[in-house]
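In what follows, a structure is listed as structure tokens, so that the remarks can point back to it.
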Amino acid sequence: MAINSFETLQNKLSRVNVDEMYATICSNIKKYRLEKYNEFKSKNSQSTINPYSTENVAALLDYNHNHYKRFESMTDSTKRMPFEKIVKLSIILEKSIEELIEE
């Protein structure tokens, strides 16, 4: 494990762009949700309720459907999802927090 100087850490942190980070998270959430949606659909063709639809994920997170869809939208600038919801999504999508923030 590398040990960094204070200045090196300051430099690394100054390059963090929160808007880009949330955009990446939301893009990954949509990608992983669609993967789960399609996987469920192919394996459970008789089921009428897909737990990975936007409506059902929104319900699991206690969000309004339209509010949740804004997180997955590439054109919506309000990409601020509370950390608690991101953790819950990582559980729903069976992905680590690290996977959700990877570019």
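Quick caveat: nothing in here was measured; it's all calculated off a predicted structure.
In the hydrophobic cluster analysis, where Ile, Leu, Val, Met, Phe, Trp and Tyr join through side-chain heavy atoms closer than 4.5 angstrom, L60 is grouped apart from I49. Criterion: ILVMFWY side-chain heavy atoms under 4.5 Å apart, direct or through other members. Under it, L34 and F40 are not part of a common hydrophobic cluster.
For the atom pair CD (Q10) and OG (S5), the distance works out to 8.5 Å, reported to the nearest 0.5 Å. For the atom pair CZ of R33 and CG of N50, the computed distance is 8.5 Å after rounding to the nearest 0.5 Å. Atom CE in M81 sits 7.5 Å away from atom NE2 in H67 (nearest 0.5 Å). The distance from the CD atom of E55 to the CG atom of N64 is 11.0 Å, given to the nearest 0.5 Å.
Here E84 pairs with K88 in a salt bridge; the nearest charged N to carboxylate O distance falls below 4.0 Å.
Of all the heavy atoms in F71 and R80, the pair that sits closest is CE2-O, 3.4 Å.
Contacts of N4 classified as side-chain contact (heavy atoms from CB on, under 4.5 Å), with partners at least two apart in sequence or in another chain: T8, L9, K12. Listed by chain and number, the residues in a salt bridge (charged side-chain N to carboxylate O under 4.0 Å, His left out) with K69 amount to none (sequence neighbours excluded).
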Validation: residues 95-103 side-chain donor-acceptor distances under 3.5 Å, sequence neighbours left out:
{"unit_1": "S96", "atom_1": "OG", "unit_2": "E98", "atom_2": "N", "d": "3.4"}
{"unit_1": "S96", "atom_1": "OG", "unit_2": "E99", "atom_2": "N", "d": "3.0"}
{"unit_1": "S96", "atom_1": "OG", "unit_2": "E99", "atom_2": "OE1", "d": "3.3"}
{"unit_1": "E99", "atom_1": "OE1", "unit_2": "S96", "atom_2": "N", "d": "2.7"}

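Side-chain contact check for Y68 versus N56: every heavy-atom pair is 4.5 Å or farther apart.
Residue-environment remark: CG (D62) stays at or below the threshold of 12 foreign heavy atoms within 6.0 Å.
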